[in-house]
Amino acid sequence: MKKQISRRNFLKASAAGTALVASGTMVGCGDSSTSSTSESTSSSDTGSSSSSDTTVSADPVKLTVHDIYNGEVVDFSKSVITKIQELVGVELTNTVSASSTDDDQAWTLMIASSDNMPDIVVSTDMSKIEQLGFDGGLLPLEDLIEEQCPNIVAAFEKYPELKTASTASDGHIYQIAGMKEMKIANIWIIRKDWLDKLGLSVPTTVDEMEEVLTAFREQDPNENGSKDETPFITRWLTAPDNFTQHALGMFCSSCGLMVREGVVVYDPLEEDFKTGMEYLIRWYANGLIDPEVYTRDDARNVVYGNNIGGLTYDWTASTTQYNTSLAESIPGFDNEVMAPVTAPNGRAVIHHCSVPYAGPGLSVTCSDVDAALKLIDFLYSEEGQILQTYGLEGETYTIASDGTYEFTEEMLNTEGGLTTARNNWGCINHLGGVDPVELEYAIATNDATLEGYQLYMDHPEWYPDDEYIGFDFKYTSEESEEVTLLLSSLNDYVSEKCMSWILGNGDFASEYDSFIAELHTRNADRVVEIATGAYARLKG
């Protein structure tokens with residue numbers, strides 16, 4: 001029995017009171033290509049800067065920033081980011097209108113005024129910001145990082161995948177990627193209370209999963225006398241990150257371009273895709289999949305609230321929180337994390353994981369490059385990581401006598417959870433840094449989440465090298481243009497056909513050969529060729 005991990009006793013201060021070390025119960029995530037290793041020091045220990053190195057400038061340098069991330073315009077007047085600005089000696093102004101909600105539209109407006117670019121540029125799309133670098137709009141930063149940014153250099157050394165993500169196909173660094181140290185993202189979650197009621201074990205293979213889903217459908221685990229259970233559900237409606245994509249992951253397949261054991265493939269051309277589709281079509285026909293799986297909005301709240309949902313693939317913390325929120329209305333409700341089942345091909349793989357994401361770049365018109373780099377480098381320092389992780393001592397967190405960092409009750413009890421609380425205080429700003437693994441433990445809402453994290457951290461083999469949705473192949477400008485156009489046509493076609501087949505509209509067996517022929521006609525082989533070259537170049 002593993003020692004229980006407390007969600008609030010996750011970090012301890014060093015004797016100096018500032019260096020963070022991971023609790024002895026933390027376990028490494030393993031293989032660096034899909035999950036980082038948690039060492040005796042936390043991810044905040046990436047550089048040598050300390051609070052004594054930072055001085056407050058009486059005359060801050062004014063910098064403009066383009067920062068809208070997933071439809072949210074960052075407010076630099078919030079408390080934590082204000083403190084960061086004071087410590088570094090800068091004053092940030094977001095050039096994106098506070099009323100903006102569309103990242104692409106805001107980006108288009110920004111580049112339309114190329115002679116008046118903001119000093120710092122942020123985007124959710126790494127390829128987009130690198131394209132701006134290819135086009136001459138951003139400064140190459142690799143030499144400046146080596147000369148001026150010891151904390152970023154240290155982070156690159158500790159996390160090689162961070163430097164890889166920051167390096168464009170031409171060898172330059174136009175944006176400095178950020179990342180989560182914990183790689184766990186969407187994972188499998190099942191109704192353990194239903195399993196117990198029916199005397200079933202957690203399934204370990206796809207065929208055992210079919211038996212469990214059938215039992216959920218036929219044996220009335222919600223005990224209401226009606227066969228209303230929807231064994232397999234999802235809340236994701238937007239292609240390609242929808243039910244088809246998630247469900248095919250159970251069969252080591254997907255709706256698009258992937259790396260499989262070191263080889264680039266377009267999954268719909270592979271045998272595992274065919275196998276997965278045959279299962280899913282049968283499961284839907286037998287009532288094992290939510291009949292509204294492609295249309296039901298806010299599915300988790302609906303199906304869990306009505307006590308009819310059994311299996312899903314989703315974020316751990318938000319999905320296991322129903323154990324608490326539904327405890328009174330559905331006594332014994334128990335969503336628990338389960339291991340990925342073994343596919344018919346003998347493999348067990350998780351396709352969604354936290355990987356490096358796009359970070360800030362500096363425009364060629366940046367008014368003060370040194371000040372901008374000082375700001376970004378600070379966010380990779382120990383002090384910067386503490387501020388972005390925990391906020392302000394005495395206001396958002398306290399340090400106990402034993403050196404333990406603890407969020408305040410106000411933070412923990414914020415409606416929307418700790419992530420919302422941190423965002424309200426300005427901890428989340430997209431300007432750089434590494435979110436420590438301990439932060440995910442702090443955000444965990446209950447023991448089921450913590451146990452789920454531990455299960456997946458103990459099995460790095462479920463995250464093979466580079467085998468995840470959205471792998472960044474680092475195309476050249478010309479390659480990106482061609483691949484984007486071809487994949488748009490291919491992925492739309494695949495998504496439409498998969499949905500149609502699963503819903504019973506059409507005959508998969510008789511249409512399969514023409515489907516494969518159409519993929520070749522739409523140049524799937526050319527996509528694989530380009531991606532294979534880009535992958536070889538990336539791997540050196």
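Looking at S127 and D125, their side chains do bring a donor and an acceptor atom within 3.5 Å of each other. Side chains of T124 and Y357: no donor on one and acceptor on the other come within 3.5 Å. In the model, T449 has a side-chain atom that pairs as donor or acceptor with a side-chain atom of N446 under 3.5 Å.
In this structure, H246 has its ring center closer than 6.0 angstrom to the ring center of H352. Remark: aromatic rings of Y456 and W462 are close, center separation under 6.0 Å. A distance below 6.0 Å separates the ring centres of Y493 and F515. Taking the six-membered ring for Trp and the full ring otherwise, the centers of Y69 and H430 sit less than 6.0 Å from each other. Between Y468 and Y463, the ring center distance fails the sub-6.0 Å criterion. Ring pair Y535/F471: centre-to-centre distance below 6.0 Å.
Taking a 6.0 Å sphere around NZ of K497, one finds it holds more than 12 heavy atoms contributed by other residues, nucleotides or ligands.
Heavy atoms only, all atoms of each residue included: H66 and A106 are closest at CE1-O, 3.4 Å. Considering all non-hydrogen atoms of both residues, T319 and I189 come closest at CB-CD1, 3.5 Å. R422 and Q388 make their closest contact through NH2-O, 2.6 Å (heavy atoms, listed as atom of the first residue, atom of the second, distance).
Under 4.0 Å is where a charged nitrogen must lie from a carboxylate oxygen, and between R522 and E518 at least one such pair does. Using a 4.0 Å cut-off between charged nitrogen and carboxylate oxygen, E270 and R260 do not count as a salt-bridge pair. A salt bridge does not link D297 with R235: every distance from a Lys NZ or Arg NE/NH1/NH2 to an Asp or Glu carboxylate oxygen is 4.0 Å or more. A salt bridge is absent between K192 and D334: the closest approach of a Lys/Arg side-chain nitrogen to an acidic carboxylate oxygen does not fall below 4.0 angstrom. Remark: D314 engages R300 in a salt bridge, criterion side-chain N to carboxylate O under 4.0 Å. Salt-bridge check for D104 with K128: passed, with a basic side-chain N closer than 4.0 Å to an acidic carboxylate O.
Using a distance-only test at 3.5 Å, with no hydrogens or angles considered, no donor-acceptor pair links the side chain of S253 to the main chain of L248. In this structure a side-chain-to-backbone donor-acceptor pair under 3.5 Å is present from Q245 to C255. Using modelled atom types, one side-chain atom of S169 and one backbone atom of Y475 make a donor-acceptor pair closer than 3.5 Å. Formation of a donor-acceptor pair under 3.5 Å by the S166 side chain with backbone atoms of A177 is found in this model. Here the side chain of D267 pairs no donor or acceptor atom with the backbone of L257 at under 3.5 angstrom. Listed for the T521 side chain is a donor-acceptor partner under 3.5 Å among the backbone atoms of A517. Checking side-chain atoms of S514 against main-chain N and O of E511 turns up a donor-acceptor pair under 3.5 Å. In this structure, the side chain of R537 engages the main chain of K474 through a donor-acceptor pair within 3.5 Å. Listed for the S500 side chain is no donor-acceptor partner under 3.5 Å among the backbone atoms of E496. Between the side chain of R217 and the backbone N or O of T230, no donor-acceptor pair lies under 3.5 Å.
Here the side chains of W283 and T214 are not in contact, with every heavy-atom distance at 4.5 Å or above. The side-chain heavy atoms of L195 and V212, taken from C-beta on, include a pair separated by under 4.5 Å. Using a 4.5 Å cut-off on side-chain heavy atoms (C-beta onward), V293 and I233 make no contact. Between K274 and M277 there is no side-chain heavy-atom pair separated by less than 4.5 Å. For the pair T342 and T204, the minimum side-chain heavy-atom distance is 4.5 Å or more. Between F232 and D290 the shortest side-chain heavy-atom distance does not fall below 4.5 Å. Looking only at side-chain heavy atoms (C-beta outward), K197 and L200 stay at 4.5 Å or farther from each other.
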*Walk me through it: do D507 and Y512 pass the test side chain to side chain contact (heavy atoms under 4.5 Å, CB included)?*
CA-CA 8 Å; D507 183 85; Y512 178 72; over 6 Å; no
*Walk me through it: do V259 and F473 pass the test side chain to side chain contact (heavy atoms under 4.5 Å, CB included)?*
CA-CA 10 Å; V259 177; F473 287 94; 3.9 Å; yes
*side chain to side chain contact (heavy atoms under 4.5 Å, CB included) between W188 and L311: does it pass, once the steps are laid out?*
CA-CA 7 Å; W188 293 101; L311 171 78; 4.0 Å; yes
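Judged by a 6.0 Å distance limit and a 45° cone about the ring axis, R191 is positioned over the six-membered ring of F333.
When E438, E161, E440 are each tested for a salt bridge (charged side-chain N to carboxylate O under 4.0 Å, His left out) with K180, only one passes: E440.
Applying the side chain to side chain donor-acceptor pair (under 3.5 Å) criterion to S99, with sequence neighbours excluded, gives S97.
Ring geometry for Y279 versus F251: interplanar angle of 30 to 60°, hence tilted.
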